[in-house]
Amino acid sequence: MNENFLKRRSLLAAELKASGYDACIFVPGPNFLYYTGLRFNLMERPTFLAITDMGEILGVMPELERQMWHAAEPDANVFYWQDSDGYDGAVAELAEAL
């Protein structure tokens, strides 16, 4: 993992903690890219990145993005979903983890 991304996430975690927030959730776009270096297109398939006040990385990702995501963030706690199953279960798992 690139040092810049780790530093950015660490600063965000500290800011979240100081502000009294538990986590911040991002969808694909400039902020997602800023904290991960990954360029995902905003699409109809729900894709979320959560960074907690403890610096933990969680996500909801379509199964088709597993390989790219795991290569970039192997230690993240990610809940994958497939079109055939829908994303409700993955989103519920993320909510429970948070």
Side-chain angles (χ1 to χ4, degrees):
M1 172 50 55
N2 182 309
E3 282 283 318
N4 287 332
F5 300 123
L6 292 174
K7 184 176 180 179
R8 290 171 185 174
R9 293 194 302 234
S10 178
L11 290 171
L12 176 61
E15 188 63 35
L16 288 168
K17 189 173 287 204
S19 299
Y21 293 106
D22 296 329
C24 190
I25 297 180
F26 302 97
V27 297
N31 292 320
F32 199 104
L33 177 64
Y34 181 80
Y35 288 109
T36 67
L38 296 175
R39 190 177 305 274
F40 283 95
N41 292 320
L42 190 56
M43 57 184 158
E44 72 280 356
R45 290 184 173 96
T47 304
F48 309 122
L49 165 72
I51 301 175
T52 71
D53 62 347
M54 302 299 289
E56 184 180 13
I57 306 299
L58 300 102
V60 168
M61 297 280 159
E63 181 65 36
L64 60 93
E65 304 292 358
R66 181 186 292 262
Q67 187 175 11
M68 180 173 64
W69 180 254
H70 183 72
E73 297 290 340
D75 297 327
N77 188 9
V78 180
F79 307 100
Y80 294 99
W81 62 275
Q82 297 185 62
D83 288 338
S84 59
D85 300 327
Y87 54 83
D88 291 345
V91 173
E93 288 180 279
L94 173 67
E96 181 70 27
L98 288 172

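In this chain, residues are counted from 1 in sequence order. Note that these values count all heavy atoms, side chains included, but never hydrogens, waters or copies made by symmetry.
- Listed here is the closest heavy atom pair of Leu98 and Ala23: CD2-CB, 4.0 Å.
- Proximity of Met43 to Glu65: side-chain heavy atoms (C-beta onward) are separated by under 4.5 Å at one or more points.
- More than 12 heavy atoms of other shown residues, nucleotides or ligands fall within 6.0 angstrom of atom CZ in Phe40.
- Here the CZ-CG distance, from Arg9 to Leu12, works out to 10.0 Å after rounding to the nearest 0.5 Å.
- The CG atom of Asn77 sits 8.5 Å away from atom CG of Leu94, with the distance rounded to the nearest 0.5 Å.
- Side chain of Arg8 to main chain of Tyr34: a donor-acceptor pair is present (N/O by atom type, distance under 3.5 Å, no hydrogens or angles).
- Between Phe5 and Tyr35, the ring centre distance reaches or exceeds 6.0 Å.
- The two residues Ala90 and Tyr80 make their nearest non-hydrogen contact at CB-O, 4.2 Å.
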Please output the side-chain donor-acceptor pairs of residues 45-64 that fall under 3.5 Å, not counting sequence neighbours, one pair per line with the distance.
residue	atom	partner	partner atom	Å
Arg45	NE	Asp83	OD1	3.1
Arg45	NE	Asp83	OD2	3.3
Arg45	NH2	Asp83	OD2	2.7
Thr47	OG1	Arg45	O	3.1
Thr52	OG1	Met54	N	3.2
Thr52	OG1	Gly55	N	3.4
Thr52	OG1	Glu56	N	3.0
Glu63	OE1	Arg66	NE	3.4
Glu63	OE1	Arg66	NH2	3.0
Glu63	OE2	Arg66	NE	2.7

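- Taking the six-membered ring for Trp and thresholds of 30 and 60 degrees, Phe32 and Trp69 have ring planes inclined between 30 and 60 degrees apart.
- Note: the hydrophobic cluster containing Phe26 does not contain Leu11 (ILVMFWY, side chain heavy atoms under 4.5 Å, direct or indirect links).
- With sequence neighbours excluded, no residue satisfies ring-ring contact (aromatic ring centres under 6.0 Å, His included) with Phe79.
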